[in-house]
There are 2 protein chains.
Amino acid sequence: MQLMLEKGAAGGGLREQKKRATRAALAEAAVHLAAEHGAEKVTVEAISAAAGVSVRTFFNYFDSRDDAFVVIDEDAGARMRRAVLDAPAELSPLEVLREAMAAELAEVEQQHELWRLHAEVLHASPHLLARGLGAHMAAEADLAAAIAERLRGADRAGGADGPGGADGAGPRAGLYPRLLAAVAGAAVRTSVDHWSAHQEEADFLDVFREVFTLLAAGLPAPSA
Amino acid sequence: MQLMLEKGAAGGGLREQKKRATRAALAEAAVHLAAEHGAEKVTVEAISAAAGVSVRTFFNYFDSRDDAFVVIDEDAGARMRRAVLDAPAELSPLEVLREAMAAELAEVEQQHELWRLHAEVLHASPHLLARGLGAHMAAEADLAAAIAERLRGADRAGGADGPGGADGAGPRAGLYPRLLAAVAGAAVRTSVDHWSAHQEEADFLDVFREVFTLLAAGLPAPSA
DNA sequence: GTGCATCTTTGCATACCATGCAACTTATGT
DNA sequence: ACATAAGTTGCATGGTATGCAAAGATGCAC
């Protein structure tokens with residue numbers, strides 16, 4: 001073997017490449033068929049046929065039919081974790097998340113046609129919307145762990161916690177990182193949702209940064 | 001007919017009463033069976049048998065098997081909407097949500113045994129967790145609408161928006177209410193999650209209020 | 001390039017999920 | 001008591017999802 005294969009990136013063996021292609025073909029077929037006929041009327045058989053594989057193979061890639069409509073990028077979580085841990089020490093936790101997520105979401109405007117279709121499909125059937133939103137939060141737990149790790153590192157390097165600090169070893173341990181991850185997730189969803197409804201009027205990243213500005217200000221009433 | 005029956009409340013006809021009882025029996029049977037044997041091993045047939053109804057009847061109450069594990073209170077959304085609209089005018093939007101949700105969540109500590117079981121079941125199978133989390137957000141959309149309505153009312157009564165106000169009729173219309181609803185939902189989930197992991201150490205409402213304090217402060221780093 | 005180990009795909013069998021329909025039973029209003 | 005509306009049930013049907021074993025690709029060493 002020549003090099004350690006980078007797991008998440010493109011390339012690698014011919015096998016990995018084919019797997020990625022098949023998975024993408026299935027997901028794309030699912031979304032396109034759903035956009036045309038409505039998600040509930042699209043069978044696994046139809047998706048599989050459109051992607052050129054057997055029904056059984058579909059279930060080798062997705063745990064359920066609905067997953068094909070929902071999953072976009074499965075290893076975004078690992079990249080986010082990296083970004084949080086590698087961020088400059090002087091950034092506040094909220095800023096770290098804003099930058100990490102902004103980097104991750106940069107592709108949204110580039111592949112906006114795919115994202116728009118996705119949003120359309122999910123919005124058309126609340127069942128899938130719920131599933132998609134829920135899927136985002138599995139990642140939030142990992143993200144919270146990354147934030148907690150970063151904060152622990154900062155504590156050790158920067159200065160000691162005051163006694164009874166808000167996130168020491170007391171009963172509130174872990175509350176802040178979890179809240180931060182959950183709120184950041186809420187920020188992403190709100191931004192995407194708003195942007196996909198006003199796509200012509202504003203750049204996505206502008207919306208996204210305005211949302212974090214509101215968060216950092218403590219969510220004050222808009223006209224007070 | 002004597003009176004318009006209040007739809008959400010207890011009592012009413014004998015029919016409504018039986019329906020509520022059957023639904024509760026199904027949901028409770030589902031959770032208990034799941035806690036004992038694992039959610040994935042519980043069939044609709046088993047749930048129906050435990051509740052004393054036919055399989056077909058199960059599907060008259062729930063759209064899918066998973067719904068039985070997830071749904072707790074289906075008309076909480078309507079109560080929240082009411083609470084938001086009826087809240088005192090001097091409260092900030094964030095405070096309004098805090099109080100409305102605190103009132104709704106008061107029963108968490110009272111029925112904590114059921115909630116603990118629910119949390120256990122959902123946490124044991126990520127699939128259901130995602131579904132449960134997603135379900136919360138259907139409500140968030142309604143909640144956002146209620147917040148927007150309240151803000152419009154306050155605008156008309158209180159004073160004119162400054163030109164370019166953050167939530168006038170411009171491209172950002174509706175962003176703030178949606179963000180607020182999403183963040184409040186995140187706050188609830190984080191609080192419940194944290195509390196169910198540290199149930200002995202803190203009252204739920206204390207955790208909940210601390211979360212909102214963090215939000216109002218703009219989520220600053222814990223030791224800075 | 002031959003051959004072996006590994007991974008992937010596929011068909012088949014099986015069980016469960018979910019819905020429409022028609023027949024039957026049970027509340028409700030007059 | 002009667003008619004009506006509402007809820008329950010069994011049956012038929014089709015889609016969803018998993019285990020298993022055979023066949024086909026791929027990667028690697030020689």
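Since this is a predicted model, take the numbers as computed values, not measurements. Per chain, numbering begins at 1; letters A, B, ... match sequence-line order.
Remark: C1' of D:dA5 and CG of B:L14 are 15 Å apart, rounded to the nearest angstrom. At whole-Å resolution of the value, CZ in A:R65 and C1' in C:dA18 are 12 Å apart. In this structure, A:R23 atom CZ and C:dT8 atom C1' are separated by 15 Å, rounded to whole Å. Regarding B:D66, its CG atom lies at a distance of 15 Å from the P atom of D:dT16, rounded to whole Å. Nucleotide D:dG19 holds its C1' atom 13 Å from the NZ atom of B:K41, rounded to whole Å. Between the NZ atom of B:K19 and the C1' atom of C:dT25 there is a distance of 16 Å, rounded to whole Å. Taking atom CD on B:E16 and atom P on D:dG7, their separation rounds to 7 Å, with Å as the unit. Nucleotide C:dT19 holds its C1' atom 17 Å from the CZ atom of B:F62, rounded to whole Å.
The pair B:E16-B:K19 does not count as a salt bridge, with every side-chain nitrogen at least 4.0 angstrom from each carboxylate oxygen. For B:E95 and B:R150, the salt-bridge test fails: no basic side-chain N is under 4.0 Å from an acidic carboxylate O.
With the nearest nucleotide of DNA chain C identified for both B:D63 and B:K18, B:D63 has the one nearer the 5' end.
Annotation: proximity of residues 43-61 of chain A to DNA chain D (heavy atom, distance under 4.0 Å) is found for A:T43, A:V44, A:R56, A:F59, numbered in ascending order. Looking at residues 121-136 of chain A, you'll see that no heavy atom sits under 4.0 Å from any atom of DNA chain D.
In this structure, the side chain to side chain contact (heavy atoms under 4.5 Å, CB included) partners of A:S48, at least two apart in sequence or on a different chain, are A:V44, A:V53, A:V55, A:F58. Residues that satisfy the side-chain hydrogen bond (donor to acceptor under 3.5 Å, both in side chains) test with B:R56, not counting sequence neighbours, are B:N60. In this structure, the side chain to side chain contact (heavy atoms under 4.5 Å, CB included) partners of B:A148, at least two apart in sequence or on a different chain, are B:R152, B:P177.
Judged by distance alone, with hydrogens and angles left aside, the side-chain atoms of A:Y176 form a donor-acceptor pair with the main-chain N or O of B:L219 at under 3.5 Å. Looking at B:H123, its side chain never comes within 3.5 Å of a backbone N or O of B:A119 through a donor-acceptor pair.
Put simply, the side chain of B:R15 and the base of C:dT28 share no donor and acceptor less than 3.5 Å apart.
In the model, B:H127 has a side-chain atom that pairs as donor or acceptor with a side-chain atom of A:R131 under 3.5 Å. No side-chain donor from either of A:R209 and A:S191 sits under 3.5 Å from a side-chain acceptor of the other.
The side-chain heavy atoms of A:R81 and A:L143, taken from C-beta on, include no pair separated by under 4.5 Å. Annotation: side chain of B:F69 is in contact with side chain of B:I47 (closest heavy-atom distance under 4.5 Å).
Terminal axes of the helix from C:dG1-D:dC30 to C:dT30-D:dA1 (five pairs each, C1' rotation axis) are separated by 30°, to the nearest 10°.
For A:T22, taking side-chain heavy atoms from C-beta onward, the closest of the listed nucleotides C:dT9, C:dA27, D:dA25 is C:dT9.
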